[in-house]
Amino acid sequence: MGFIISILCQYSACADQTAVHSAKDNPLIKEFGVLAGYGSTKIEDNPRYETIPMYFRLGIDCDKLGIGYSDVVEKGARDLFHKDFRPAGTTSFLIQPFLSYVPSPDKNMETGIVIALKYEWPLTERFHPYIWNGGGVMYFTQHLHEEATQYAFSPQGGAGFSYFLDKHTAISVEYSYRHFSNANLKLPNDGMNQGFVNMGVTWYF
């Protein structure tokens, strides 16, 4: 992961601005974060399905590639209304592998990867709320009555904020919600829904 970041960051220098970075100044790799959290949901004939995840979040700058939300809005404003308008927010393509400890109903593990889009906007210089949405695949070692397989597909999303401590370092806090099931590849496939509170550190380049 570090090797990939170092190679891609050679395409441009890191931005000198504290919070709002333009697409022109950003490197292709916009952010790298490490977040941990807690999630719980009720399951059949057991106490609860509890999860303590650790996420490794790599964000690629969609605005640098000209395909971010602000790029779409800007183009639409010009084409439809002949006006110059660009939202201040930025869009990232997230690649988020994770590893989770499952303490209940039995001691188990989860692992997988999530692919998502994140939109972040600067409410103030230091306070940047964001939303993200996507999905992924996962494998869990826990045997569940609700699921005939131990692999699943997992659409999910979240909302939170990054609070910048300095130019490139922020504390990130978010709530996320996920569904996972095996897409009826094998029955039973009741599916499970689980909410999470996550917190960690994000480094912006």
Side-chain angles (χ1 to χ4, degrees), residues 1-37 52-75 84-100 111-138 154 156-178 196-205:
M1 183 71 73
F3 175 75
I4 296 174
I5 293 175
S6 65
I7 293 297
L8 292 176
C9 281
Q10 293 177 10
Y11 286 100
S12 58
C14 292
D16 292 327
Q17 299 176 9
T18 300
V20 183
H21 309 295
S22 70
K24 181 178 178 181
D25 294 330
N26 278 344
L28 187 57
I29 297 297
K30 180 184 176 182
E31 63 182 270
F32 177 75
V34 180
L35 295 91
I52 301 174
M54 178 171 285
Y55 306 97
F56 302 92
R57 176 173 291 172
L58 178 67
I60 297 173
D61 193 344
C62 292
D63 300 293
K64 182 72 173 181
L65 300 174
I67 57 174
Y69 173 75
S70 296
D71 297 296
V72 174
V73 172
E74 183 178 39
K75 185 177 187 304
D84 289 326
F85 173 73
R86 182 180 180 85
T90 57
T91 306
S92 299
F93 177 74
L94 300 182
I95 303 171
Q96 187 167 274
F98 67 90
L99 180 66
S100 304
T111 188
I113 189 168
V114 177
I115 304 297
L117 286 176
K118 173 187 173 187
Y119 185 69
E120 177 178 335
W121 61 97
L123 191 61
T124 69
E125 185 175 329
R126 292 184 179 272
F127 184 72
H128 290 203
Y130 62 81
I131 57 174
W132 64 269
N133 190 64
V137 293
M138 57 182 289
S154 182
Q156 54 192 277
F161 65 87
S162 290
Y163 182 81
F164 282 78
L165 303 177
D166 56 36
K167 292 181 180 181
H168 306 296
T169 308
I171 300 297
S172 296
V173 179
E174 68 177 37
Y175 175 82
S176 63
Y177 189 81
R178 76 174 184 183
F196 291 85
V197 176
N198 306 312
M199 182 175 180
V201 180
T202 303
W203 293 273
Y204 288 81
F205 301 98

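Along the sequence shown, residues are numbered consecutively beginning with 1. This is a predicted model, so every value here is computed, not measured.
When side chains are defined from C-beta on, Gln96 does not count as touching Phe56, because their heavy atoms never get closer than 4.5 Å. Side-chain contact between Ser92 and Asp61: absent, with no pair of heavy atoms (C-beta onward) separated by less than 4.5 Å. Between Thr91 and Phe93, the closest side-chain pair of non-hydrogen atoms is not below 4.5 Å. Using a 4.5 Å heavy-atom threshold, the side chains of Arg57 and Leu35 count as touching. Between Leu65 and Leu28 the shortest side-chain heavy-atom distance falls below 4.5 Å. Side-chain contact between Thr111 and Phe98 is absent, with no heavy atoms from C-beta onward closer than 4.5 Å.
Listed here is the closest heavy atom pair of Pro122 and Ala88: CD-O, 3.7 Å. Of all the heavy atoms in Thr202 and Ser172, the pair that sits closest is OG1-OG, 2.8 Å. Considering every non-hydrogen atom in both Gly37 and Asn198, the closest pair reads CA-OD1, 3.4 Å. Nearest heavy-atom pair, Ile131 versus Ala159, reported as atom, atom and distance to 0.1 Å: CG2-CB, 4.0 Å.
Residues passing the side-chain contact (heavy atoms from CB on, under 4.5 Å) test with Ile171 are Leu165, Val173, Met199, Val201, sequence neighbours excluded. Partners of Trp121 under the ring pair (Phe, Tyr, Trp, His ring centres under 6.0 Å) rule, at least two apart in sequence or in another chain, are Tyr119.
A donor-acceptor pair under 3.5 Å is formed between the side chain of Gln156 and the backbone N or O of Ser154. In this structure a side-chain-to-backbone donor-acceptor pair under 3.5 Å is missing from His168 to Trp203. A distance-only check finds a donor-acceptor pair linking the side chain of Ser70 to the backbone of Pro87 [under 3.5 Å].
Here CG of Leu94 is found 7.5 Å from CG of Leu117. Values are rounded to the nearest 0.5 Å. To the nearest 0.5 Å, the span separating CG on Leu123 from OG on Ser162 amounts to 12.5 Å. With rounding to the nearest 0.5 Å, the separation of NE2 in His128 from OH in Tyr130 is 12.5 Å.
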Problem set entry | Audit row: Asp63, Lys30, salt bridge (charged side-chain N to carboxylate O under 4.0 Å, His left out) steps and yes/no | CA-CA 10 Å; Asp63 300 293; Lys30 180 184 176 182; 5.4 Å; no

For this session: Check step by step if salt bridge (charged side-chain N to carboxylate O under 4.0 Å, His left out) holds for Lys118 and Glu174.
Result: CA-CA 12 Å; Lys118 173 187 173 187; Glu174 68 177 37; over 6 Å; no

For this session: Given side chain to side chain contact (heavy atoms under 4.5 Å, CB included), test Asp71 with Arg86 step by step and report yes or no.
Result: CA-CA 7 Å; Asp71 297 296; Arg86 182 180 180 85; 3.0 Å; yes

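A tilted orientation is assigned to the rings of Phe161 and Phe127, their planes being inclined by 30° to 60°.
By the 6.0 Å contact criterion, OH on Tyr163 is open, its count of non-hydrogen atoms from other residues, nucleotides or ligands being 12 or less. Within 6.0 Å of OH on Tyr69 lie no more than 12 heavy atoms contributed by other residues, nucleotides or ligands.
Close placement of the Tyr204 and Phe164 rings is indicated, their centers lying within 6.0 Å of each other.
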